[in-house]
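Each remark here refers to the structure printed beneath this line.
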Amino acid sequence: MERKCIEKLVEWKLKTNHKPLIIKGARQVGKTWLMKEFAQKEYSKWVYINFEDNELAKGVFEKDFDIQRIIMQLSVATKTVIDKDTLILFDELQEAPRGVTALKYFQEKAPEYSIIAAGSLLGITLHSGTSFPVGKVDFVELYPLSFVEFLQAIGENLLASLLEQQQWDTLMSFHDQLCEHLKTYYYVGGMPEVVKVFVEEKNIERVREVQKSILNTYDNDFSKHAPINEVPRIRMVWKSIMAQMAKENKKYIYGMLKEGARAKEFEIAIEWLIDAGLIYKVNRTKKGLMPLSAYEDFSAFKLFLLDVGLLCAMNNVPAEVLLSGNSIFTDFKGAMTEQYVLQQMKPMLLSIYYWSADTSSGEIDFLVQHGIKIVPIEVKAEENLQAKSLKAFIAKNPQLCGIRTSMSPYREQDWLANVPLYGIGCWWE
């Protein structure tokens with residue numbers, strides 16, 4: 001399975017005196033696989049330490065941060081001689097008391113050691129008051145497989161390559177084929193284990209079983225790792241994502257959770273899910289001017305799930321709904337499509353917002369800061385080429401050029417480019 005993120009790990013390796021690297025990401029997005037795959041490809045000597053199932057290694061940081069003692073104990077725990085040529089992989093680091101803090105001392109006292117750390121709930125640990133090594137570590141964020149990575153996984157390497165090269169004229173010949181693959185991706189999503197089952201078994205029912213298993217794992221995490229008084233609210237937020245997305249005004253409405261609900265009640269629950277990598281938050285911006293963050297409205301936001309396939313599974317969406325052209329589900333597919341578009345843009349490290357007018361119903365699905373450009377994006381689930389809100393927004397901001405992304409092939413107009421949905425993740429490269 002190809003993961004583009006491995007390129008970022010190679011860049012990290014080539015840095016002079018690189019810092020310890022933390023791979024962030026939700027449970028089961030493939031962090032362990034990525035670390036090991038990178039180690040096998042790039043290092044002749046490496047050691048893997050999982051603090052969840054290695055009791056001897058678990059307490060190694062408790063006494064002090066004497067790096068030579070720590071290295072010696074880890075060598076004993078792994079039955080491997082660890083030296084400066086050894087890549088050290090720490091997995092489930094949040095299970096080792098003071099493990100995150102120890103990374104600071106590796107960087108300060110023994111920078112010759114190469115360390116990559118990951119953990120299913122490391123994002124929670126980093127925000128829980130743990131002594132965090134600010135400026136002493138590097139970060140890489142791992143997300144579910146993108147649509148291009150999904151194409152590579154199912155053996156469509158040519159199509160993936162054409163998309164990455166943005167060969168729009170050539171891609172016209174494969175338009176229908178790409179649309180079918182895209183519908184499949186909506187259902188399967190990008191969770192590595194789910195994609196693997198789909199590739200090996202081609203069984204939609206098994207795909208759904210694995211998705212449900214992952215969702216159950218997340219639900220168990222709520223009970224095991226979240227503050228006990230927040231668990232009911234976390235579950236309410238988690239289960240409400242689709243209902244919030246499917247309504248016409250997609251701004252998050254607390255009143256949909258329960259009558260009379262207020263922001264203060266659910267802020268911690270939402271932040272817990274964000275820190276766990278399970279949801280994404282997109283805030284409103286009041287103007288389409290640089291920088292977008294200067295006009296951010298923190299009181300208005302939209303929430304998305306980490307993966308479009310899991311969103312289908314959570315809401316028991318039958319395969320027929322997405323794989324057929326049933327118009328009854330157009331509104332529903334609109335929510336799925338917006339989820340998909342955000343999911344493709346997240347790994348690009350873009351500044352992503354949405355815009356809505358103060359006094360009218362106008363809304364731009366996404367407003368993205370890409371380098372020195374502001375790019376308004378209107379998302380269409382089908383081939384509908386009307387973009388009234390986008391046209392009105394561009395009329396008020398004539399310095400901008402918009403993107404309409406839909407099931408229609410690539411085409412350019414004076415004030416916008418129509419980027420096919422299957423190509424939106426490659427547009428930014």
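When reading the values below, keep in mind they use all heavy atoms of this one structure, side chains included, and skip hydrogens, waters and symmetry mates.
Look at Lys13 and Glu11 and you find no salt bridge, because none of the NZ, NE, NH1 or NH2 atoms lies under 4.0 Å from a carboxylate O. Salt-bridge annotation for Lys258 and Glu265: present, with a side-chain N of the basic residue lying under 4.0 Å from a carboxylate O of the acidic one. Classification of Lys15 and Asp138 as a salt-bridged pair holds, one side-chain N sitting under 4.0 Å from a carboxylate O.
Rounded to the nearest 0.5 Å, atoms CG (Leu350) and CD (Gln344) are 12.0 Å apart.
Side chain to side chain, Arg3 and Ser146 fail the donor-acceptor criterion of an N or O pair below 3.5 Å.
Taking the centre and axis of the six-membered ring of Tyr143, the NZ or CZ atom of Lys4 falls outside the cone set by 45° and 6.0 Å. Cation-pi geometry between Lys224 and Phe222 is not satisfied (NZ or CZ under 6.0 Å from the ring centre, within 45° of the ring normal). A cation-pi arrangement, defined by a distance under 6.0 Å to the six-membered ring centre and an angle within 45 degrees of its axis, is present between Lys24 and Phe139. Geometrically, Lys302 does not engage Tyr252 in a cation-pi contact, judged by NZ or CZ lying under 6.0 Å from the ring centre and within 45° of the ring axis.
In this structure, the ring of Tyr186 has its center less than 6.0 angstrom from the ring center of Tyr340.
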Next item on the list: Please lay out, stage by stage, how Arg233 and Glu230 fare under the test salt bridge (Lys or Arg N to Asp or Glu O under 4.0 Å).
Entry: CA-CA 5 Å; Arg233 286 187 279 270; Glu230 290 295 330; 3.4 Å; yes
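The shortest side-chain heavy-atom distance between Lys212 and Glu209 does not fall under the 4.5 Å cut-off.
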